[in-house]
Amino acid sequence: MSSMTKPFEEKMNASVDHLVRELAAIRAGRANPAVLDRVAVDYYGSPTPINQIAAVAVAEARILTITPWDRSMLKPISKAIQTSDIGINPIDDGQVIRLVFPAPTEERRKQLTKDVQKQGEEAKIAVRNVRRDAMDKFKAQKKAGELTEDDQKKLEDETQKLTDKYVKQIDEICANKNKEIMEV
């Protein structure tokens with residue numbers, strides 16, 4: 001890839017990274033520490049992610065354990081999880097907090113796969129918008145005499161190849177997530 005298409009490739013890659021982070025937070029019935037990424041606990045006056053004040057581990061396929069390094073944080077962590085949008089009640093035994101992930105119903109799984117497809121489409125739109133910006137820039141540079149017609153065509157071809165590569169990647173990521181959701 002040329003240095004002219006590099007910034008556009010970085011933007012496309014950022015769209016894919018964003019999709020991966022969003023999909024990680026979707027609860028598919030399997031214990032996934034990523035569901036806690038958006039939950040912050042008041043730790044000595046500052047909101048702190050759970051994984052910075054406790055060990056988070058997958059104990060079994062559907063059970064996540066949270067072991068705070070400071071036992072006095074058990075109650076605040078439990079409270080933060082209860083007030084979050086995770087939808088799982090924490091079980092606190094005085095040492096460890098357990099989150100038991102229920103298996104989603106068939107209807108819920110179908111809804112989740114629709115959500116995944118929607119987020120995949122949004123990521124593809126973001127990638128295509130980057131492509132459009134790149135094509136517009138190359139046209140403007142050609143018009144201003146900064147690029148030859150051959151260079152413009154070459155850059156447009158490179159940009160199209162990048163777009164195809166990232167759209168294919170998005171489709172694969174969504175297909176894998178949907179497979180994970182449906183196999184529960």
* Asked: In terms of hydrophobic clusters joined by side-chain contacts under 4.5 Å, are M135 and Y166 together?
  -> no

* Note, I81 side chain near L36 side chain (heavy atom, < 4.5 Å) -> yes

* Could you walk me through whether D171 and K124 pass salt bridge (Lys or Arg N to Asp or Glu O under 4.0 Å), step by step? => CA-CA 9 Å; D171 285 338; K124 285 190 222 177; 2.6 Å; yes

* Would you tell me whether Q160 and D164 have side-chain atoms, one donor and one acceptor, within less than 3.5 Å of each other? => yes

* To do: Run the salt-bridge test on E106 and R109 with the 4.0 Å N-O cut-off and return the result as yes or no.
  => yes

* Rounded distance [0.5 Å steps], CD1 in I88 versus CZ in R62 -> 10.5 Å

* Are a donor atom and an acceptor atom from the side chains of D151 and Q141 found within less than 3.5 Å of each other? -> no

* **Heavy-atom pair of closest approach, residues G120 and C174** => CA-SG, 3.5 Å

* To do: Decide side-chain contact (heavy atoms from CB on, under 4.5 Å) for R128 and V167; before the verdict, give the C-alpha distance in whole Å, the side-chain angles of both, and the deciding distance to 0.1 Å.
  => CA-CA 9 Å; R128 290 183 187 123; V167 165; 4.3 Å; yes

* Asked: Does R38 reach the side chain of S84, with side-chain heavy atoms less than 4.5 Å apart?
  -> no

* Kindly indicate whether the side chain of L23, heavy atoms from C-beta on, has any atom under 4.5 Å from the side chain of Q119. => yes

* Asked: Does the side chain of L162 reach to within under 4.5 Å of the side chain of R131, using non-hydrogen atoms?
  -> no

* Validation row: I66, V96 side chains within 4.5 angstrom (heavy atoms) -> no

* Evaluation steps, salt bridge (Lys or Arg N to Asp or Glu O under 4.0 Å), between E122 and K118 -> CA-CA 6 Å; E122 288 170 5; K118 183 172 173 275; 3.2 Å; yes

* Measure the spacing between CD of E158 and CZ of F138 and express it to the nearest 0.5 Å. => 7.5 Å

* Asked: Would you call E172 and K168 a salt bridge, using N to O less than 4.0 angstrom?
  -> yes

* Asked: Can you tell me how far CG of D92 sits from CD1 of I97, rounded to the nearest 0.5 angstrom?
  -> 5.0 Å

* Gap separating the OG1 atom of T105 from the NZ atom of K110, nearest 0.5 angstrom -> 9.5 Å

* Can you see which heavy atom on G94 is nearest to which on R71, and at what distance? => O-CD, 3.6 Å

* Would you mind reporting whether K177 and L112 have side-chain heavy atoms less than 4.5 Å apart? => no

* Atom OG1 of T65 and atom CG of D93: how far apart are they, to the nearest 0.5 Å? -> 10.0 Å

* E149 and K153 ion-paired at < 4.0 Å -> no

Identify every side-chain donor-acceptor pair in residues 10-19 under 3.5 Å, counting partners at least two apart or on other chains, and give the distances.
| unit_1 | atom_1 | unit_2 | atom_2 | d |
| --- | --- | --- | --- | --- |
| S15 | OG | K11 | O | 3.3 |

* Asked: Do I63 and V58 come within less than 4.5 Å of each other through their side chains, counting heavy atoms only?
  -> no

* Asked: Looking at residues at least two apart in the chain, or sitting in another chain, which of them share a side chain to side chain donor-acceptor pair (under 3.5 Å) with D136?
  -> none

* Structure fact -> Output for pair (L147 CG, Q152 CD), nearest 0.5 Å, gives 7.0 Å

Check: residues 44-52 side-chain donor-acceptor pairs under 3.5 Å, at least two apart:
| unit_1 | atom_1 | unit_2 | atom_2 | d |
| --- | --- | --- | --- | --- |
| Y44 | OH | D70 | OD2 | 3.4 |
| S46 | OG | Y43 | O | 3.4 |
| T48 | OG1 | S46 | O | 3.0 |

* Minimal non-hydrogen separation, A80 against V41, with atom names -> CB-CG2, 3.8 Å

* Asked: Are side-chain heavy atoms of R98 and L64 found at a separation under 4.5 Å?
  -> no

